[in-house]
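In the text below, chain A, chain B and the rest are named by the order of the sequence lines, each starting its count at 1.
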Number of protein chains: 2
Amino acid sequence: MDVKTVCLGMLSDGEASGYDLKKHFESTFGHFFAAGYGSIYPALSALLADGFVACREESQSGRPDRKVYRITDAGRQALCHSLNTSKPGHKVRSEFMATMCFAHLMDEKQLDRLLQHRIEEADEYLRMFDEIESTCMHDWPAGKKFVCGFGRALTEATKKYIEENRDLVCERPATQRSASG
Amino acid sequence: MDVKTVCLGMLSDGEASGYDLKKHFESTFGHFFAAGYGSIYPALSALLADGFVACREESQSGRPDRKVYRITDAGRQALCHSLNTSKPGHKVRSEFMATMCFAHLMDEKQLDRLLQHRIEEADEYLRMFDEIESTCMHDWPAGKKFVCGFGRALTEATKKYIEENRDLVCERPATQRSASG
DNA sequence: ATCCCCATGTAATTTGTTACATGATTGA
DNA sequence: TCAATCATGTAACAAATTACATGGGGAT
């Protein structure tokens with residue numbers, strides 16, 4: 001499942017512009033599937049060429065024109081087929097964990113910074129989940145609620161683990177740390 | 001932090017061949033940082049060109065020759081510098097979650113398959129963590145232990161969440177499900 | 001003044017994946 | 001006899017990120 005398919009899925013919930021989709025990627029999809037304009041706009045062009053979406057241009061006063069995309073019947077069919085036949089993966093690429101493997105080569109300040117940063121990022125996500133739950137989640141389909149809860153569970157587990165285990169890598173005798181660079 | 005740096009880090013724990021590194025990627029690093037031969041061998045060539053590793057060719061009877069790489073002083077310095085200055089990310093790319101967002105467009109069999117598959121993958125990882133903990137973890141540095149525990153915590157949270165919430169998306173009235181394709 | 005929001009897109013670059021190419025040995 | 005393990009590497013391909021390019025309106 002690539003950016004193209006995710007865009008198609010988003011459009012199955014209602015029409016939107018590329019700019020709108022980016023917002024959606026940043027907010028509700030941000031914690032598990034990132035995409036920038038450089039992927040979204042080409043994806044929409046490809047979907048249009050495939051006949052999976054249709055496009056209408058909207059003029060706005062004092063604003064740039066926007067291209068509003070909506071899914072077609074063919075698009076809906078292709079989406080369903082894709083969802084029902086694919087074997088979706090779940091990949092983590094954590095430079096953080098890779099770095100932590102070599103904690104003994106880092107100085108304590110950097111180590112602290114990294115752990116602190118990760119906790120703060122977790123807090124940001126938790127605030128986001130709170131907001132989603134208190135505003136738009138009520139009219140979401142079950143699948144999206146499941147995913148939101150999943151994100152929260154993983155984020156909470158992350159925060160808890162780091163808080164409970166940071167002394168495993170910090171607060172060691174200074175001699176174990178080597179000088180940097 | 002790219003494959004090149006992770007390879008360099010692995011070599012800071014002791015010399016190894018590209019084949020050995022691949023094994024390492026598959027086992028202990030597999031749950032958070034994937035790399036295939038297509039990335040590893042070019043990475044080693046680049047590290048050699050940079051002077052960050054040295055290489056010795058070993059002839060073996062009845063086996064292909066192996067190129068054993070070891071880190072140099074310059075390499076160790078570069079690694080430390082990289083570890084102490086980088087801002088490592090932690091990215092999740094979950095086609096699984098993206099797919100689950102559109103659970104209402106899937107048939108129940110596919111939904112069951114996906115959830116089951118995810119639980120099985122979690123179980124595999126848990127077995128891996130068990131093995132690591134009972135065999136090699138005792139002589140690991142604190143950072144690696146931290147990462148292993150982190151992986152276990154996330155995997156357990158994953159399994160728990162899916163088991164406790166799968167009825168959110170499954171076992172719904174059949175009318176909510178649309179036909180596929 | 002300056003920055004952010006709106007809004008679209010292309011091009012270059014980076015990065016990683018997959019397939020290809022080779023070949024002896026060992027165990028089932 | 002067949003598959004797996006050991007062992008290295010290249011080339012083609014796919015995919016996403018980053019930078020570039022443009023420009024008015026509104027808030028501080």
> Same cluster or not: are A:Met128 and B:Met97 linked, directly or through other Ile, Leu, Val, Met, Phe, Trp or Tyr residues, by side-chain heavy atoms under 4.5 angstrom apart?
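Result: no, two separate clusters.
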
> Taking CZ from B:Arg66 and P from D:dA7, how many angstroms apart are they, rounded to a whole number?
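It is 5 Å, rounded to the nearest whole Å.
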
> Is there a donor-acceptor contact under 3.5 Å from the side chain of B:Asp2 to the main chain of B:Thr5?
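Yes.
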
> Measure the distance from CG on A:Asp20 to C1' on C:dC5 and round it to the nearest whole Å.
13 Å

> Kindly say if A:Lys22 contacts the phosphate of C:dA7, meaning a side-chain N or O under 4.0 Å from OP1 or OP2.
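Indeed not, no polar side-chain atom of A:Lys22 lies that close.
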
> What is the separation between atom CD on A:Glu58 and atom P on C:dT8, rounded to the nearest whole Å?
10 Å

> Hey, could you give me the CZ/CG distance between A:Arg113 and A:Asp107, rounded to the nearest 0.5 Å?
7.0 Å

> Measure from CG on B:Asp65 to P on C:dT25 and round the result to the nearest Å.
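Atom CG in B:Asp65 sits about 13 Å away from atom P in C:dT25.
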
> Only one of B:Lys160, B:Arg152, B:Lys159 clears salt bridge (charged side-chain N to carboxylate O under 4.0 Å, His left out) with B:Glu156; which?
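The residue from B:Lys160, B:Arg152, B:Lys159 that satisfies salt bridge (charged side-chain N to carboxylate O under 4.0 Å, His left out) with B:Glu156 turns out to be B:Arg152.
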
> Look for any protein N or O under 3.5 Å of an N or O in nucleotides 9-18 of chain D and output each such pair with its distance, or none.
residue : atom : partner : partner atom : Å
D:dG9   : OP1  : B:Lys67 : NZ           : 2.2
D:dA16  : OP1  : B:Arg93 : NH2          : 2.8
D:dT17  : OP2  : A:Ser39 : OG           : 3.3

> Could you tell me whether the side chain of A:Asn165 and the main chain of B:Phe146 form a donor-acceptor pair under 3.5 Å?
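Side chain of A:Asn165 to backbone of B:Phe146, a donor-acceptor pair under 3.5 Å: no, none is there.
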
> Measure CG/B:Leu21 against C1'/D:dC6 and give the value in whole Å, please.
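One finds 15 Å between C1' of D:dC6 and CG of B:Leu21, rounded.
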
> Per the salt bridge (charged side-chain N to carboxylate O under 4.0 Å, His left out) rule, which among B:Arg70, B:Arg56, B:Lys67 passes with B:Glu15?
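So, applying the salt bridge (charged side-chain N to carboxylate O under 4.0 Å, His left out) to B:Glu15 and each of B:Arg70, B:Arg56, B:Lys67, only B:Arg56 qualifies.
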
> Roughly how many Å is it from CG in A:Leu48 to P in C:dT8, rounded to a whole number?
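Nearest whole value for this atom pair: 13 Å.
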
> Atom CD of A:Glu95 and atom P of C:dT15: how far apart are they, to the nearest Å?
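Distance check: A:Glu95 CD to C:dT15 P gives 10 Å.
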
> Take the protein atom CG of B:Leu47 and the nucleotide atom C1' of D:dT8, then report the distance between them rounded to whole Å.
16 Å

> Can you give me the bend angle of the helix from C:dA1-D:dT28 to C:dA28-D:dT1? Use the axis through the first five pairs and the one through the last five, nearest 10 degrees.
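Inter-axis angle at the ends, rounded: 50°.
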
> Fit a plane to each ring of B:His90 and A:Phe96, take the angle between them on a 0 to 90° scale, and name the class: parallel (under 30°), tilted (30 to 60°) or perpendicular (over 60°).
perpendicular

> Should B:Tyr125 and B:Phe25 be counted in the same cluster of Ile, Leu, Val, Met, Phe, Trp and Tyr side chains packed under 4.5 Å apart?
no

> Return yes if some donor-acceptor pair links the side-chain N/O of A:Ser82 with the main-chain N/O of A:Ala78 below 3.5 Å, else return no.
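Judged by distance alone, no pair lies under 3.5 Å.
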
> Identify which nucleotide among D:dT8, D:dC6, C:dT8 has an atom closest to any side-chain atom of B:Ser17, counting heavy atoms from C-beta outward.
D:dT8

